[in-house]
Amino acid sequence: MANLPPGSDGTHDRICPLCEACCGLKVQTEGGRVTAIRGADDDVFSKGYLCPKGVALKDLHEDPDRLRTPQIRRGAQWFEATWDEAFDEIERRLVPILQAHGRDALALSVGNPAAHKMGLLLYFARLARAAGTKNIFSASTLDQMPKQLSCGWMFGHWLSIPVPDIERSDFLLVIGANPMASNGSLWTVPDFRGKARALRERGGRLVVIDPRRTETAAVADAHHFIRPGSDVFLLAAMVHTLFDEGLVRLGRLSAHVAGLDAVREAVAPFAPEHVAARCAIAATAIRQLARELAATPRGCVYGRIGTCTQAYGTTCSWLVDVLSVLTGHLDEPGGAMFPKAAAFAANTLGPAGVGRGVATGRHASRVSGAPEVYGELPMTCLAEEIETPGPGQIRALITVAGNPVLSSPGGERLARALEGLDFMISLDIYRNETTRHAHVILPGLSALEDSHYDVPFPQFSYRNHARFSPAVLAPPAGQPPEWQNLLRLMAIVKGQGARADVQALDDALLADDLRRLAPERAEPMTQALAGRNGPERLLDLALRTGPYGDDFGRRPEGLTLEQVQAAPGGIDLGPLQPRIPEVLRTPSGRVELAPPALLADLPRAWAELEAPAAPLVVIGRRDVRSNNSWMHNLPLLAKGPFRGTALVHPDDAARLGLADGARARLAGAGGSVEVTVALSDTLMPGVLSLPHGWGHGLPGAQMALAAERPGANLNAVLDDSARDPLSGNAVLSGAAVTLAPLGTGLTG
Ligand SMILES: Nc1nc2c(c(=O)[nH]1)N[C@H]1C(S)=C(S)[C@@H](COP(=O)(O)OP(=O)(O)OC[C@H]3O[C@@H](n4cnc5c(=O)[nH]c(N)nc54)[C@H](O)[C@@H]3O)O[C@H]1N2
Ligand SMILES: Nc1nc2c(c(=O)[nH]1)N[C@H]1C(S)=C(S)[C@@H](COP(=O)(O)OP(=O)(O)OC[C@H]3O[C@@H](n4cnc5c(=O)[nH]c(N)nc54)[C@H](O)[C@@H]3O)O[C@H]1N2
Ligand code: SF4
Ligand SMILES: [Mo]
């Protein structure tokens, strides 16, 4: 990529950090200001694509409400502080809590943007290790933990997640995802629209399963409504059909798969004819889907949020990949394939083809007994862990780039719980619904002031690549990058004090890493890395020791950060390649098709086959001009029609006495909110759609534009005890709700 010094006039390359598409952008600057943002046509990966949020990076940078100075709260009063004052305050208040109550009294909670900021992701892990608390929470358990767990069990690592090889595929079945609005997730695929169009132009078919006729359904060949939460039945019935009709073809994988017979037995009861009513999809259509998948030489299945955020999220996620294996589409061109990332991918390290696999439940949450998964407890356990007295009670909290008051079920309960904390710190860029409860807010640099490399997303990318962007603008004098703030917090929790030498700490951590990685070469490697610092130094190390790296001179033609940085538009590392068995890290060295906990989950689903449908259930929605909870303060995105409406089918509206535009009360097991109704026949009757991430304008928050049209908090309606028991993931879809016109006692 071009390498203008930060802050100089001209056109800078910057990967967009706002969603998983990771588009390359051209950011034009003049006199330290952004004058234009457009897609980077020369980007080897995104090839010019961008969406309106990318352009809004300018608004984000310039937002007067975006915090630039540390904030300290005393009572309801906020004060600006220097960085030293803020860290001194943290030391003064946090250390006594740790001394009196132990490590678990401190909880850490990390949100979605951390996955898009190299320094936050790499150094949050360091802080978490140093803090030594069991109370680690993240947005993962509101999102993709089910997929990580099912893939961990099947393939041996939490991040070995196969993605559709869309450019070579002729059949794509999309279940519970809307990449036309979301731009993809656990699948980094900029310009899904263009790639889907190309698939159809070469005669391929796109089929969508969703309770709403979404923007993705609108560009598909076929769309089936499904009753929310029923995907486990649909998927098991498709697997059943493959066995029943003799369509199973393992192909090349037959030597590498364990557990085929156990799967056949487990899905035996799930005949399409038995589950059709539950799914609201005809048995013939279910069989047809299975046949089409089996008959297409290059085809794949992709399931996302809709399949994860439900009571059988892990089991659904597993069955999606079982379908690929049984139809010979896993690890084959045009099917579901494993990317090979240039840096930070555990499935490229250590011995190839075998490993320790994954385990859960090394500890459990104190109140609900929810098992730890990937080192985390369910986000929906946070409130009860703060509220419930006794040894191990959470008394202090650090939130990092998260807004759980809006993003986690039981949001209002959580807000009350946060008020009860002895001390709370937030690393954030806004004072919002969550961070208003903090005692100290440490603001992060604007994305444009920070260098960037995507740590997780190359592991989910439609094509292999390596791209780096330096900072576009110079950071304000004195404002540290966030990795340094995390290191200072680490020094405080380790008892080294608020004024510890950050550089010395970072050097010591690197020395530890190198001693573990290559003890005999630690010295020359340290010297080779000497020109860089912090996350960039870790990145150079990861690239050089990664699968394409120069291995510090042992493979002289291999990659270094310097090379990636110098390549205009990044480096294309080619289409995805078959990786089984090399990618596997299971103890058996095979694809585990029948993990025992998943087999045991099918009878749980079967027992609910006849459960009656509630008259009205709620699902979520994403809009291309919004991004979870925190981009509603940007003029470019906020203009135009209000996007936080509750979509209701006209038949339901008539039954409930509601007209288009009416105000109504939406109530569920977690509480109730007022919503604005919009009629829409894109929904399945009996299903209401409300996006999450709204409910702004709360006292103490400082997001003026967002407060003008606050919308309603979907997660104030949802119940925080509803979880997938295997992954701990929240159930966000399909909860029973009532809807009544405001001012009447009617219910739905
Ligand atoms: N009902 C329902 N709930 C959902 C979902 C759903 O579909 N339905 N989706 C879930 C999903 S998939 C996710 S990922 C979660 C997201 O849940 P969260 O991660 O908790 O929520 P976000 O809205 O992404 O909030 C991000 C926070 O990071 C801050 N931030 C932004 N940039 C930076 C930065 O550079 N540095 C720092 N330090 N902070 C920054 C923002 O100000 C904001 O406070 O929501 C989940 N909640
Ligand atoms: N514009 C925009 N882009 C985003 C985000 C955003 O907030 N706005 N958030 C980002 C994040 S954090 C994530 S994780 C990704 C998520 O990316 P996606 O998974 O594509 O997310 P959604 O657009 O919510 O699509 C989920 C779909 O599942 C459907 N659905 C709901 N319940 C069920 C069900 O029970 N079964 C089935 N089959 N379908 C169901 C919904 O109607 C919806 O269309 O998007 C990312 N990109
Ligand atoms: S799709 Fe939009 S928000 Fe996502 S990376 Fe691209 S420009 Fe950024
Ligand atoms: Mo997410």
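The structure presented is a predicted model; accordingly, all values stated were derived computationally and were not measured. Ligands are counted one by one from 1 in listed order, and the atoms in each one are counted from 1 as well.
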Just to confirm my output: which protein heavy-atom neighbour is closest to [atom], and how far is it?
atom: atom 35 (O) of ligand 1; result: Lys117 NZ, 2.9 Å
atom: atom 6 (C) of ligand 1; result: His692 ND1, 3.3 Å
atom: atom 36 (N) of ligand 1; result: Glu482 OE2, 2.7 Å
atom: atom 31 (C) of ligand 2; result: Ser733 OG, 3.5 Å
atom: atom 8 (N) of ligand 2; result: Ser626 O, 2.8 Å
atom: atom 3 (N) of ligand 1; result: Asn715 ND2, 3.1 Å
atom: atom 43 (C) of ligand 2; result: Asp210 OD2, 3.3 Å

Has Arg213 got more than 12 heavy atoms of other residues, nucleotides or ligands less than 6.0 Å from its CZ?
yes
Short list, please: which atoms of ligand 1 are under 4.0 Å from a heavy atom of [X]?
X: Ile305; answer: 12 (S)
X: Ser629; answer: 22 (P), 23 (O), 25 (O)
X: Leu714; answer: 1 (N)
X: Leu427; answer: 37 (C), 38 (N), 39 (N)

Do any N/O atoms on [X] end up under 3.5 angstrom from N/O atoms on ligand 1?
X: Asn112; value: yes
X: Asn432; value: yes
X: Asn627; value: no
X: Gly444; value: no

Parallel, tilted or perpendicular: which one describes the rings of Tyr374 and Trp158, with boundaries at 30° and 60°?
parallel
Nearest option to [atom], as decided by whichever heavy atom of [options] sits closest:
atom: atom 21 (O) of ligand 2; options: Arg227, Met631, Arg622, Met180; result: Arg622
atom: atom 30 (N) of ligand 1; options: Leu486, Ile429, Asp450, Asn729; result: Ile429
atom: atom 26 (C) of ligand 2; options: Pro228, Ala217, Gly229, Gly176; result: Gly176
atom: atom 10 (C) of ligand 1; options: Leu690, Leu142, Asp65; result: Leu142
atom: atom 41 (C) of ligand 1; options: Thr435, Asp428, Val717; result: Asp428

With no hydrogens and no angle check, do the side chains of [X] and [Y] hold a donor and an acceptor under 3.5 Å apart?
X: Arg304; Y: Ser185; answer: yes
X: Ser451; Y: Glu536; answer: yes
X: Asn715; Y: Ser408; answer: no

If the contact criterion is a heavy-atom separation under 4.0 Å, does [X] count as touching ligand 1?
X: Leu732; answer: yes
X: Gly402; answer: yes
X: Ser407; answer: yes

Any N or O of Asn178 that comes nearer than 3.5 Å to an N or O of ligand 2?
yes
Ligand 2 and Gly620, any nitrogen or oxygen pair closer than 3.5 angstrom?
no
Counting from 1 in the order shown, the ligand 2 atoms closer than 4.0 Å to a non-hydrogen atom of Asp623 are 1 (N), 2 (C), 8 (N)
Give the atom numbers and elements of ligand 2 that come within less than 4.0 Å of a heavy atom of Ile226.
36 (N), 37 (C), 38 (N)
Which segment of [X] sits under 4.0 Å of ligand 2 when only heavy atoms are counted:
X: Ser182; result: both
X: Lys53; result: side chain
X: Ser185; result: side chain

Would you check if the distance from the ring center of Phe642 to the ring center of Trp694 is below 6.0 Å?
yes
Ring centres under 6.0 angstrom apart (Trp187, Tyr462):
no
Step-by-step salt bridge (Lys or Arg N to Asp or Glu O under 4.0 Å) determination, Arg413 to Asp719:
CA-CA 10 Å; Arg413 174 184 180 183; Asp719 171 8; over 6 Å; no
Just wondering, do Arg66 and His61 contact through their side chains at under 4.5 Å, heavy atoms?
yes
Tell me, do Glu215 and Asn178 make a side-chain contact under 4.5 Å, heavy atoms counted?
yes
Please report the interatomic distance CG(Leu705) to NE2(His632), rounded to the nearest 0.5 Å.
10.5 Å
Can you tell me if Gln144 contacts ligand 2 (heavy atom of the residue under 4.0 Å from the ligand)?
no
For ligand 2, is Asp231 a contact, meaning one of its heavy atoms is under 4.0 Å away?
yes
Pick one: which of Thr314, Asn729, Thr141 meets side-chain hydrogen bond (donor to acceptor under 3.5 Å, both in side chains) with Asp724?
Thr314
Could you go through Arg604 and Glu608, starting from their C-alpha distance and side-chain angles, then the distance that decides it, and tell me whether this counts as salt bridge (Lys or Arg N to Asp or Glu O under 4.0 Å)?
CA-CA 7 Å; Arg604 181 170 70 98; Glu608 282 192 25; 5.2 Å; no
Between Lys147 and Asp321, does any side-chain N to carboxylate O distance fall below 4.0 Å?
yes
Among Val207, Leu323, Val301, whose side-chain contact (heavy atoms from CB on, under 4.5 Å) with Leu289 holds?
Val207
Partner of Val405 under side-chain contact (heavy atoms from CB on, under 4.5 Å), picked from Thr434, Asn432, Thr399, is Thr434
